[in-house]
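Report on the following structure.
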Amino acid sequence: QVQLVESGGGLVQAGGSLRLSCAASGRTFSFSNYAMGWFRQAPGKEREFVAAINWSGGSTLYADFVKGRFTISRDNAKNTVELQMNSLQPVDTAVYYCNAVVGMRRPLFGSWGQGTQVTVSS
């Protein structure tokens with residue numbers, strides 16, 4: 001079983017920045033073997049893909065709506081994946097989650113962490 005713990009969310013004004021972090025652990029989970037991704041779910045909407053990074057960190061993929069504003073990175077030594085979010089807008093308000101990914105877009109694990117709330121005020 002994998003444990004995913006997201007942190008770093010908060011309340012920020014439009015145009016501001018936040019840095020999210022996700023710590024992944026599990027007795028049989030080898031973090032460096034998996035591509036990892038961030039997803040978000042706004043109130044009343046389905047969870048959607050935000051960004052992903054391959055196992056080595058050498059390849060990334062972003063949803064069109066965050067290109068140029070968000071940057072995903074990972075530290076395989078610490079089993080963490082991070083999301084630097086700049087130029088935040090109210091539409092970015094959502095609960096953000098991390099998960100391992102398949103095909104760089106689809107979540108691998110059916111069990112999610114608690115997520116971290118990001119609220120952007122106008």
I'd like to know if the side chain of [X] reaches the main chain of [Y], judged simply by a donor and an acceptor atom lying under 3.5 Å from each other, with no hydrogens or angles considered.
X     : Y      : result
Thr93 : Val120 : yes
Ser30 : Ser32  : no
Asn76 : Trp55  : yes
Glu82 : Arg19  : no

Kindly compute the distance separating [atom1] ([X]) from [atom2] ([Y]), expressed to the nearest 0.5 Å.
X     : Y      : atom1 : atom2 : answer
Ile53 : Cys98  : CD1   : SG    : 12.5 Å
Gln3  : Arg27  : CD    : CZ    : 10.5 Å
Cys22 : Leu4   : SG    : CG    : 5.0 Å
Ser87 : Arg69  : OG    : CZ    : 7.0 Å
Ser59 : Met104 : OG    : CE    : 4.5 Å
Thr60 : Met36  : OG1   : CE    : 15.0 Å

Heavy-atom side-chain contact between [X] and [Y] under 4.5 Å:
X      : Y     : answer
Phe29  : Gln1  : no
Leu83  : Thr71 : no
Thr116 : Val95 : no
Glu6   : Leu20 : no

Partners meeting salt bridge (Lys or Arg N to Asp or Glu O under 4.0 Å) with Lys67 (sequence neighbours left out) = Asp64
query = Any ring pair (Phe, Tyr, Trp, His ring centres under 6.0 Å) pairs touching residues 67-98, not counting sequence neighbours?
reply = Tyr97-Trp112
Closest non-hydrogen atom pair, [X] against [Y]:
X     : Y     : answer
Pro90 : Ala14 : CD-CB, 4.1 Å
Trp38 : Val81 : CZ2-O, 3.5 Å
Phe31 : Asp75 : CE2-O, 4.0 Å

task = Go through the structure and list residues passing side chain to side chain contact (heavy atoms under 4.5 Å, CB included) with Glu48, not counting sequence neighbours.
result = Arg40, Phe65
task = Return the set of residues passing side chain to side chain contact (heavy atoms under 4.5 Å, CB included) with Ser17 (not counting sequence neighbours), or none when no residue passes.
result = Gln84, Asn86
message = Among Tyr34, Phe39, Phe49, exactly one meets side-chain contact (heavy atoms from CB on, under 4.5 Å) together with Asn99. Which residue is that?
response = Phe39
Check against side chain to side chain contact (heavy atoms under 4.5 Å, CB included), Val12 and Leu18 = CA-CA 8 Å; Val12 64; Leu18 284 172; 4.1 Å; yes
ask   = In the single-linkage hydrophobic clustering (I, L, V, M, F, W, Y; side-chain heavy atoms under 4.5 Å), do Leu61 and Val50 co-cluster?
value = no
request  = Could you tell me which residues satisfy side chain to side chain donor-acceptor pair (under 3.5 Å) with Thr119, sequence neighbours excluded, listed by chain and number?
outcome  = Gln117
ask   = How would you list, by chain and number, every residue that makes a side chain to side chain donor-acceptor pair (under 3.5 Å) with Asn33, sequence neighbours excluded?
value = none
